[in-house]
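Small disclaimer: the values here were computed from a predicted structure and weren't measured.
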There are 2 protein chains.
Amino acid sequence: MDIGKYKSHDRILVAVDCIIFGFDGQHLQALLIKRGFEPEKGKWSLMGGFVNQDESTDDAAIRILNQLTGMDNIYMEQLYCFSDVNRDLAGRVISIAYFALINIADYNEQLQSEHEARWFPLDKIPALVFDHKEMVATAKARLQAKVTNHPIGFELLPEKFTLPQLQNLYEAIYESELDKRNFTKKILALGILNKLDEKEKASSKKGAFYYVFDKNKYRKLHSEGVKFI
Amino acid sequence: MDIGKYKSHDRILVAVDCIIFGFDGQHLQALLIKRGFEPEKGKWSLMGGFVNQDESTDDAAIRILNQLTGMDNIYMEQLYCFSDVNRDLAGRVISIAYFALINIADYNEQLQSEHEARWFPLDKIPALVFDHKEMVATAKARLQAKVTNHPIGFELLPEKFTLPQLQNLYEAIYESELDKRNFTKKILALGILNKLDEKEKASSKKGAFYYVFDKNKYRKLHSEGVKFI
DNA sequence: ACAAAAGTGTTCATCCTACACCCATGG
DNA sequence: CCATGGGTGTAGGATGAACACTTTTGT
């Protein structure tokens, strides 16, 4: 491909870094790895990698996420481009950050060990390389804002979940407690959850009914103006 | 600077493109230029340019915006990274799009001519090069979302403005009409506008009082949870 | 029987929406 | 004096927040 007039301009290394969120039932977690190469080898880091000539940053993020988790079809969205001149100790690299939401139970523990990956609760993130701390903070803020108007919280839960589990999730994301009755009322009023006959009995004696998110009902409703929790 | 282990990776041309919004009192406008170089020379385009090794994308956007408008201290925020492999006809270029809000009256007409720049109402944007149409659409959506919770509309107005002018602006952004009484009530209740004694008499016989945005009052209030219009 | 979590309604305050007339002034 | 746009208040409906007791069942 002819690069024509562009020849004389600076070319820059472009990376993607992924903030991967999971939920263990109580706390919101981020998946971090021990960085495997210099500089800063051995330090905690987001999973990342370089963007190739023949792939979009979206494709690169998908590839890199799959490398770490073995998972496909993960909810992911572009977060922000971090481009400070000295953000990477080894040279000029701009990074397009992505955040991903995964059901922590689907996560393949086996792959984890190759990269020395570990989940950290968001309030216990260790020191991270470069500007990764800022990336995590930005991702958390984006998640909080987004979850208010979009049904992405379900990405962090198993297919079947109970209302108490869902409420715990929202409480973890918002870092504040919600009223059980108001929460139930609001979420059920949306008409996007289907109640199953089955109960989850592990976490209480009475047991809580399972629900599933009905994407079709949501789409119909989503023509205009959705408000979540 | 040592680029260490990164040497073997692909380097990519990184551009920024600016969606520049202005407001003429009635319609929301975007500032476009006739592209001055190949490929697609002579076609309508967003103002853009390449990011240098020694500058952040923010700095590049500021530089490029200044080149076109001669203006500094412009409200600008990063929009999105567009990175499709074939988005630029002349080769692999990723573009970080920024959107800017300027007071159209401050805009220096002189500079305009160098770049053959012109304002276009948002509903009359001509065909644009590459993926710039998508960029404009994304910027418009972001502006609509952002203006609801953040006092950035004022960036599009002169320092002194009337309530009818402000309402026209919000109507232009939302593409819908607002009730005058409700609008006035809501915006004044925020307590972030200072009324002047002076009236604007050009657009009506009675004249409308000028107001100014009080950034300090806003900051105090902004500790937590602002809702705008 | 009791501990532990699930489930369920009502009241009050607040916010949003709809709506119409008088005012000031330049021509 | 009249045409034009500026300015103002209220009532009804919808939404959000606060709040406590009963149910189920495993131990």
Side-chain angles (χ1 to χ4, degrees), chain A residues 24-27 144-145 147-149 157-158 160-212 221 224-229, chain B residues 24-27 144 147-149 157-158 160-172 174-212 221 224-229:
Chain A
D24 67 0
Q26 297 302 323
H27 299 281
Q144 286 178 340
V147 86
T148 305
N149 293 305
L157 293 173
K160 300 188 297 188
F161 52 85
T162 67
L163 292 184
Q165 284 168 359
L166 187 62
Q167 182 174 345
N168 283 343
L169 171 62
Y170 276 91
E171 289 178 337
I173 294 173
Y174 288 141
E175 295 174 317
S176 70
E177 301 203 346
L178 302 171
D179 179 86
K180 185 169 48 161
R181 280 171 288 190
N182 292 338
F183 180 85
T184 308
K185 216 183 312 168
K186 227 184 210 175
I187 197 85
L188 291 180
L190 292 173
I192 56 172
L193 296 187
N194 293 332
K195 188 178 187 172
L196 306 183
D197 286 334
E198 195 184 350
K199 274 188 171 183
E200 190 271 343
K201 312 261 307 184
S203 52
S204 79
K205 289 161 187 169
K206 184 175 179 181
F209 282 104
Y210 280 117
Y211 287 80
V212 293
L221 181 150
E224 211 37 62
V226 250
K227 307 225 171 171
F228 268 70
I229 301 301
Chain B
D24 67 359
Q26 295 303 320
H27 300 282
Q144 286 178 340
V147 86
T148 306
N149 293 306
L157 292 173
K160 300 187 296 187
F161 52 86
T162 66
L163 292 183
Q165 284 169 359
L166 187 62
Q167 182 175 346
N168 282 343
L169 171 62
Y170 276 90
E171 289 179 336
Y174 288 142
E175 294 174 317
S176 71
E177 301 203 344
L178 301 172
D179 180 86
K180 186 170 45 163
R181 279 171 288 191
N182 293 337
F183 179 84
T184 307
K185 215 185 314 167
K186 229 184 215 173
I187 197 83
L188 291 180
L190 291 173
I192 56 171
L193 296 187
N194 293 331
K195 189 177 188 173
L196 305 183
D197 286 335
E198 195 183 352
K199 273 189 170 183
E200 190 271 343
K201 313 259 308 182
S203 53
S204 80
K205 290 161 185 168
K206 183 174 178 182
F209 282 105
Y210 279 117
Y211 288 79
V212 293
L221 182 149
E224 210 39 61
V226 249
K227 307 225 170 171
F228 267 70
I229 301 299

Phosphate oxygens OP1/OP2 of C:dG26: is one of them under 4.0 Å from a side-chain N or O of B:Lys201?
yes
For A:Gln165 and C:dG7, give me the distance from atom CD to atom C1', rounded to whole Å.
16 Å
Reported OG1-to-NZ distance for the pair A:Thr162 and A:Lys199, which is rounded to 0.5 angstrom
11.5 Å
Using nucleotides 9-11 of chain C, report all nitrogen or oxygen pairs with the protein that are shorter than 3.5 Å.
residue : atom : partner  : partner atom : Å
C:dT10  : O4   : A:Lys185 : NZ           : 3.0

Contact check, side chains of A:Glu200 and A:Lys160, non-hydrogen atoms, under 4.5 Å
no
Nearest whole angstrom, please: distance from the P of D:dT23 to the NZ of A:Lys199.
13 Å
Between CZ of A:Phe161 and P of C:dA6 the distance, given in whole Å, is 15 Å
Quick one: which of C:dT25, C:dT8, D:dG26 gets closest to the side chain of A:Lys180?
C:dT8
What about B:Lys206, does its side chain sit under 3.5 Å from the base of C:dA24 through a donor-acceptor pair?
no
Can you tell me the distance, in whole Å, between the OH atom of A:Tyr174 and the C1' atom of D:dG16?
14 Å
Rounding to an integer number of Å, can you tell me how far A:Phe209 CZ sits from C:dT8 P?
9 Å
Round to a whole Å and report the spacing from CD1 of A:Ile187 to P of C:dT8.
15 Å
Using a heavy-atom cut-off of under 4.0 Å over every strand shown, decide if B:Ser203 touches base, sugar-phosphate, or nothing.
sugar-phosphate
The residue, A:Lys195 or A:Ser204, whose nearest nucleotide of DNA chain C is more 5′ is A:Ser204
Mind calculating the distance between CD (A:Glu200) and P (C:dA6) to the nearest angstrom?
8 Å
Closest non-hydrogen atoms of A:Gln26 and A:Asn168, given as atom of the first, atom of the second and distance, are NE2-ND2, 4.0 Å
Would you check if B:Thr148 and B:Tyr174 make a side-chain contact, meaning some heavy-atom pair closer than 4.5 Å?
yes
Is the backbone N or O of A:Tyr210 less than 3.5 Å from a side-chain atom of A:Glu198, with the two atoms forming a donor-acceptor pair by type?
no
Kindly compute the distance separating NE2 (B:His27) from CD (B:Glu175), expressed to the nearest 0.5 Å.
11.5 Å
Are the side chains of A:Leu166 and A:Leu193 in contact, using a 4.5 Å heavy-atom criterion?
yes
Atom-to-atom span, NZ of B:Lys205 to C1' of D:dC1 - whole angstrom:
11 Å
